[in-house]
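Scroll down for the structure; my scribbles are underneath it.
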Amino acid sequence: MNDASRPAIRIRGLTKRFPGVTALSQVHLDVGRGEFVALSGPDGAGKTTLLRVLCGLLAPDEGEVAVLGEPVPARFGRLKRRVGYLPQRFSHYLDLTVDENIAFFARVYGVRDFGPRREALLSFTGLTPFRGRLAERLSGGMKQKLALACTLIHEPEVLLLDEPTAGVDPASRREFSEILGGLLERGMTILMATPYLDEAERCHRTLLLDHGRLLAAGPARDLKASLGVAMVEVLCRPPREAVRLLRSSPAVDRVHAAGERVHFTVRPGHAPDDVCRTLADAGVEVSPWREVSPSLEDVFIALTERPSEAPDREGSVP
Ligand SMILES: Nc1ncnc2c1ncn2[C@@H]1O[C@H](COP(=O)(O)OP(=O)(O)OP(=O)(O)O)[C@@H](O)[C@H]1O
Ligand SMILES: [Mg+2]
């Protein structure tokens with residue numbers, strides 16, 4: 001198999017344990033060249049552990065991992081220049097300027113004559129006007145763009161991003177996403193942990209990790225279709241009371257709320273009209289219901305439902 005036809009990332013039976021916790025359990029995964037893949041899942045799911053294994057910082061307990069055809073961590077030394085890793089807590093040198101931070105990373109990676117590359121990255125990330133500013137004086141969004149610029153100085157082929165836009169305002173998140181779009185056009189492979197489902201939705205594929213297990217992988221639309229049921233949406237006031245009543249209703253299967261917007265599915269043989277009437281009879285203000293396609297959030301909630309939280313729902317998870 002030549003280099004270009006190999007997957008950028010190949011994982012077989014990856015297990016990683018820490019004392020008292022299995023952070024990754026029998027993970028299998030291929031990421032193709034040029035793919036943009038989102039890694040989602042609740043806190044502690046194993047996202048950071050997976051990315052750290054891929055960049056050679058943690059050794060697997062079991063399984064095989066290869067990046068760009070090189071076994072990891074055994075031959076990570078050969079990959080150092082071909083992989084970029086933006087950790088969850090990226091440390092800038094706060095007392096260095098934007099320019100100086102990029103120069104520092106260029107030296108760490110042994111990039112010679114990095115000047116033109118730095119100009120291109122500053123322009124690409126919109127940081128040129130701020131190049132003389134100390135990192136500590138940048139906004140959250142600009143800090144993350146600087147982190148990305150530092151991660152790209154050695155022109156990696158595979159980019160591993162750990163929640164690069166967590167806590168960043170929506171406008172900066174959109175700019176960040178456009179920057180990643182530009183990298184994809186140049187053929188880069190990106191694996192990005194993200195807590196934002198709208199970001200996951202824009203990726204070619206989404207992976208869902210929970211308790212170290214890969215529960216699902218696929219394009220967002222396929223994951224939604226895999227739920228196999230239509231969701232009912234109603235606006236409810238107060239939503240907490242509506243959720244409590246719906247959870248205890250034998251007619252209702254899955255429930256979740258985002259503010260006053262409540263999504264639920266009805267079990268066979270039951271009708272949304274009857275469910276809404278029950279809510280209204282109990283004093284909940286409820287809008288007319290409508291059918292909506294499941295959101296990625298609906299899928300994730302269905303897949304990560306714990307038996308202890310849903311005692312009578314065994315078998316409802318696809
Ligand atoms: N160095 C470590 N030593 C011991 N336990 C660890 C270590 N790193 C991670 N863990 C544990 O492994 C599990 C997975 O952690 P990980 O940081 O990979 O999750 P995550 O999905 O990145 O979570 P978050 O969304 O909070 O960043 C957790 O239970 C965590 O406590
Ligand atoms: Mg993490």
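The analysis underlying the following values was restricted to heavy atoms, covering all of them including side chains, and did not include hydrogens, waters or symmetry mates. Whatever order the structure lists them in is the order used to number ligands and atoms, beginning at 1. Sequence positions, counted from 1, serve as the residue numbers for this chain.
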Next on the checklist: Run the side chain to side chain donor-acceptor pair (under 3.5 Å) test on E199 and T165 for me, step by step, so that the C-alpha distance in whole Å, both residues' side-chain angles and the decisive distance to 0.1 Å come before the verdict.
Outcome noted: CA-CA 10 Å; E199 279 182 2; T165 59; 2.6 Å; yes
Checklist entry - Stepwise, does the side chain to side chain donor-acceptor pair (under 3.5 Å) test hold for S295 with D298? => result CA-CA 5 Å; S295 63; D298 292 323; 3.2 Å; yes
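The residues E119 and R131 are annotated as salt-bridged, a charged nitrogen and a carboxylate oxygen being separated by less than 4.0 angstrom. Note on D169 versus R174: no salt bridge recorded, every NZ/NE/NH1/NH2 to OD/OE distance being 4.0 Å or above.
Around the Mg ion (ligand 2), protein atoms of type N, O or S found under 2.8 Å number 2.
The number of heavy-atom neighbours closer than 6.0 Å to CD of Q26, taken from other residues, nucleotides and ligands shown, is above 12.
The backbone N or O of S40 lies less than 3.5 Å from no partner atom in the side chain of K47, so there is not a single donor-acceptor pair. Under the 3.5 Å distance criterion, the side-chain polar atoms of T265 are matched with a main-chain donor or acceptor of R254.
The ring pair (Phe, Tyr, Trp, His ring centres under 6.0 Å) analysis of residues 250-280, with sequence neighbours excluded, yields the pairs H256-H263.
Remark: R137 engages no residue in a side chain to side chain donor-acceptor pair (under 3.5 Å) (not counting sequence neighbours).
For ligand 1, the protein residues placed under 4.0 Å by at least one non-hydrogen atom are F18, V21, A23, P42, D43, G44, A45, G46, K47, T48, T49, Q88, E163.
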